[in-house]
Every structure is written in C-alpha cells, then in structure tokens.
Chemist: 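Can you read through this structure? Questions will come right after.
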Amino acid sequence: MATSTVLEMRDVSLTYHPPEGPVPAVRGVNLSVGAGEVVGVAGESGCGKSTLISTVLRLYPKNATVEGEVLIDGEDVFQMKWNRIRAVRWGEAAVVFQGALHSLNPIQRIGKQLAEPIFVHDKGATEASAAKKVRELLDQVGLPARHANAYPHQLSGGQKQRIMIALALTCDPKVLLCDEPTTALDVMGQAQILDLLKGIARDRSMGMLIISHDLSVLASNCDRISIMYAGRVIEQGVASELFAEPAHPYTRALMGAFPTIGDAGSRYAPSGLPGDPPFPGDLPSGCSFHPRCPIATVECESVDVGLLPVGISRQVACIHVNQEVVAS
Ligand SMILES: Nc1ncnc2c1ncn2[C@@H]1O[C@H](COP(=O)(O)OP(=O)(O)OP(=O)(O)O)[C@@H](O)[C@H]1O
Ligand SMILES: [Mg+2]
C-alpha cells in the first residue's frame, strides 16, 4: 500500500469479565488503515464491532482484559500512560459513537458544543479563533454557519449526524472511527453521510474505519473490508473484489441478505441465515460458524483455521475455500 499506516491492530483480543463468566468479544484481530483510506468492518449484531473500536482509545470497562497491540501512528495505545491517552483521544484518533446523535446536549447551542473540545485541546484558543474553526467545521460537513446558533432539536437526524462528525474532527485527528454512522438515517441520508466521510478521509489524508452491520452501506464507499463473526475477522480484502466474489460462506450469506435493486439475477439471492450468531461466552467448537454454515463438514466441528491467504489480496478463514475460488 502506497499510503502510510495510521492505525494498525496486531492480534487484538478483548475479554469482558461480567460475574457470569468471561466473554471473549474480540479474538485475535489484525487490521490496518492507511492515511486517506476507508476501511469497513461488517458483521451481525453482537459480533464485536463496537468492542473492537473501544480498544483503539481504551474505552472499554476497567476489568476487561486486552491482548495484542493497537498502534496509532506507530505508538501502542495499550502501553500509553493515561495523560498520553487523554491527548490521543480526539487529538490523534476520534470516534463517532453508535447512536451518538442522540447524545448532543439538548439545551446548548451547536456552536458551543463544537467549541468545547477546541478549548480543551488548544490552550491558546480564543473565542474568535474557536468561532472561526466552528464555521470551518460546519462548512466541511456541508452545513451552513447559521447552524452554530441552533439547538439540537432544531436539526434533522442527518444534520445531527453531520454535527457528530464535525465534533470528531475538531482536533484534526489522524484516524476517525465511525460506529454505525448511518443507522438512524433513511437511504438517501445514509448515502450522503458515507459520501461525506469518504471525502473527508481523502481531503485530510485521514484514516477511517467505518463499522456497520449493513454490508450494502459499505459497498461503494470503502477501499477494503473486514467481515467479522463471533469476535474474529473471517474474511478481508479489497472491497470491490470482495463484493464481486465473496469467498467465505458467511460473507456470501451476509451479501444474500441485502438484495440489489434491479439485480434480479444476483448469484447471492436473498436467503437469510438459519439460527443466531453464537454468544461469545459460549462459542461452538472448531469454526464458530459451522452450526449455521451450508457447506460445513465434520472437520469444521474441530478445526478453527484462522485467516489464510487466498489469491493476492484476500484472506479467508475457511478450510473449504481454496486458491481457485478467488483468483484475484
Ligand atoms: N460491558 C460488557 N460486558 C459484558 N459483555 C459485553 C459488554 N459489552 C458488550 N458485551 C458483549 O460482547 C459482545 C460484542 O458486543 P458489541 O457491542 O461489540 O457488538 P456489536 O458487533 O457492536 O453489535 P451491534 O451491531 O448490535 O452494535 C456481545 O455478545 C455483547 O453482549
Ligand atoms: Mg455496536
């Protein structure tokens, strides 16, 4: 990859420890994001997407245990002291949280809410410089400057989501992590927000990780895609290639769940998957997907292969996918 890597996850695992017993929600994830690159992570509810994001800025519960390395511009987040973590949050990496558009302060004007992190991170900021930055941020997310005077209830869902993105950009982070940034929006709103995010990543040479349970949302906006199942990445590769030729049976099923309008001859016809994803505290033996997999064999009940290279730029965790399936 020509661009420099701004976020790299190496063999990252996170286990929650509720009283009922350990919940290994993320297991050995390897993933990287380059400057100006948009990487998508997709998977069903509960597969560990938000947990994965929480590792980047150490936003997980105190008693959770983590393993591996999360490097932001080469610096391991897990090894940072707390004052360094505080500077890295917003400054180096920022998160647009799942459902965050509902967390804007209802009794504070948008401009004031956008200015707050500017004052926290830039001790030299003045009222005038912060107001100028707020205007620039609103412009970047496609909103008129007058919205600085609005209260959240005066904005639509899509406009509020744009404000959340502007908030995350206040301190010019190198990496932006977006957790389901479009769930609350209609189809047009979703397309506009994703377009906006992609444009921001390119303009600012910012690395962007976009999480969604809806694979179709990521289709035309990501450079690379990782598919998660039961805390693991089970397939990853170049987005266009992965969508053209999904290799893992789970990816195929996920794609089948999102029919393309006008594509009556799709090979991945809407089908849905039998059963539910497993609870990470009680995983099946072998490949976690085998109880729901249409091509599972006896071997799959005991073998858990992890990601294997398939073709030039694809990795797939399935013993039944061979080199010929994806001749990229
Ligand atoms: N604080 C916690 N303590 C114990 N278990 C947790 C905690 N937070 C999440 N989990 C469990 O970890 C697993 C992964 O949760 P996570 O929120 O990362 O999923 P997700 O992929 O983001 O799902 P969704 O698409 O619904 O947002 C789930 O089984 C969840 O119940
Ligand atoms: Mg989530």
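Reckoned from all heavy atoms, side chains included, excluding hydrogens, waters and symmetry mates. Numbers here are sequence positions counted from 1. In listed order, ligands and their atoms are each counted from 1.
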Chemist: Under 4.0 Å from a heavy atom of Ala25: give me the atoms of ligand 1 that qualify, with their elements.
Modeler: 12 (O), 13 (C)
Chemist: With heavy atoms under 4.0 Å as the rule, classify the contact between Pro280 and ligand 1 as side chain, backbone, both or neither.
Modeler: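 Side chain only; the backbone of Pro280 stays clear of ligand 1.
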Chemist: Quick one: do the Glu235 and Thr251 side chains pair a donor with an acceptor below 3.5 Å?
Modeler: yes
Chemist: Considering only protein heavy atoms, which is closest to atom 17 (O) of ligand 1, and at what distance to one decimal place?
Modeler: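 Nearest neighbour among protein heavy atoms for atom 17 (O) of ligand 1, to 0.1 Å: Ser50 CB, 3.8 Å.
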Chemist: Does a side-chain N-to-carboxylate-O contact under 4.0 Å join Arg204 and Asp172?
Modeler: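 Here Arg204 pairs with Asp172 in a salt bridge, since their nearest N and O are under 4.0 Å apart.
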Chemist: Taking the side chain as every heavy atom from C-beta outward, state whether His147 and Arg162 have any atom pair closer than 4.5 Å.
Modeler: no
Chemist: Among protein heavy atoms, which sits nearest to atom 31 (O) of ligand 1, and what does the distance come to when rounded to 0.1 Å?
Modeler: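 Looking at atom 31 (O) of ligand 1, the protein heavy atom closest to it is Phe279 CE1, 4.6 Å.
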Chemist: Strictly under 2.8 Å, is any N, O or S atom of Ser45 next to the Mg ion (ligand 2)?
Modeler: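 No, since none of the N, O or S atoms of Ser45 sits under 2.8 Å from the Mg ion (ligand 2).
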Chemist: Looking only at protein heavy atoms, which one is nearest to atom 27 (O) of ligand 1, and how far off is it?
Modeler: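 Closest protein heavy atom to atom 27 (O) of ligand 1: Gln98 NE2, 2.9 Å.
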Chemist: Whether the Glu67 and Ser13 side chains hold a donor-acceptor pair (N or O, under 3.5 Å, no angle test) is what I'd like checked.
Modeler: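 The criterion, which ignores hydrogens and geometry beyond distance, is not satisfied for Ser13 and Glu67.
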Chemist: Side chains of Ile210 and Leu176: does their closest heavy-atom pair fall under 4.5 Å?
Modeler: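 Sidechains of Leu176 and Ile210: no contact.
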Chemist: Can you sort out which atoms of ligand 1 are near Gly48, meaning under 4.0 Å from one of its heavy atoms?
Modeler: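 Here the atoms of ligand 1 in question are 14 (C), 18 (O), 19 (O), 20 (P), 21 (O).
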Chemist: If we ignore angles and hydrogens, is there a donor and acceptor under 3.5 Å between the side chains of Glu241 and Ser313?
Modeler: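 Note: Glu241 and Ser313 side chains meet the donor-acceptor criterion.
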Chemist: Would you say Cys47 and ligand 1 have an N/O pair spaced under 3.5 Å apart?
Modeler: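 Indeed, backbone or side chain, Cys47 has an N or O that close.
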Chemist: For ligand 1, which atoms, with element, lie under 4.0 Å from some heavy atom of Ser45?
Modeler: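 It comes down to these atoms of ligand 1: 23 (O), 24 (P), 25 (O), 26 (O).
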Chemist: Compute the shortest N/O to N/O distance between Gly46 and ligand 1 and return yes if it is under 3.5 Å, no if not.
Modeler: yes
Chemist: Applying a heavy-atom cut-off of 4.0 Å, say which part of Glu180 lies close to ligand 1: side chain, backbone, both or neither.
Modeler: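 Glu180 to ligand 1: side-chain contact only, backbone stays beyond 4.0 Å.
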Chemist: Considering only the protein, which heavy-atom contact is closest to atom 2 (C) of ligand 1, and what is its distance?
Modeler: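 Answer, as residue, atom name and distance: Tyr16 CD2, 3.5 Å.
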Chemist: Side chain or backbone, does Pro18 bring an N or O within less than 3.5 Å of an N or O on ligand 1?
Modeler: no
Chemist: Given the protein's heavy atoms, is any one of them under 4.0 Å from atom 14 (C) of ligand 1?
Modeler: yes
Chemist: With a 4.5 Å limit on heavy-atom distance, are the side chains of Glu44 and Tyr229 in contact?
Modeler: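 Answer yes - side chains close enough.
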Chemist: Measuring from Tyr250:OH to Met255:CE, what's the distance to the nearest 0.5 Å?
Modeler: 13.0 Å
Chemist: Students should be able to answer this: which protein heavy-atom is nearest to atom 18 (O) of ligand 1, and at what distance?
Modeler: Thr51 OG1, 2.5 Å
Chemist: Could you tell me whether atom 24 (P) of ligand 1 has at least one protein heavy atom nearer than 4.0 Å?
Modeler: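 Looking at atom 24 (P) of ligand 1, one finds that a protein heavy atom does lie closer than 4.0 Å.
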Chemist: Check whether the side chains of Tyr16 and Thr51 place a donor and an acceptor atom closer than 3.5 Å, and report yes or no.
Modeler: yes
Chemist: Will you find, in the side chains of Thr126 and Ser129, an N or O donor that is under 3.5 Å from an N or O acceptor?
Modeler: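 Yes, because at least one side-chain N or O of Thr126 sits under 3.5 Å from a partner of the opposite role on Ser129.
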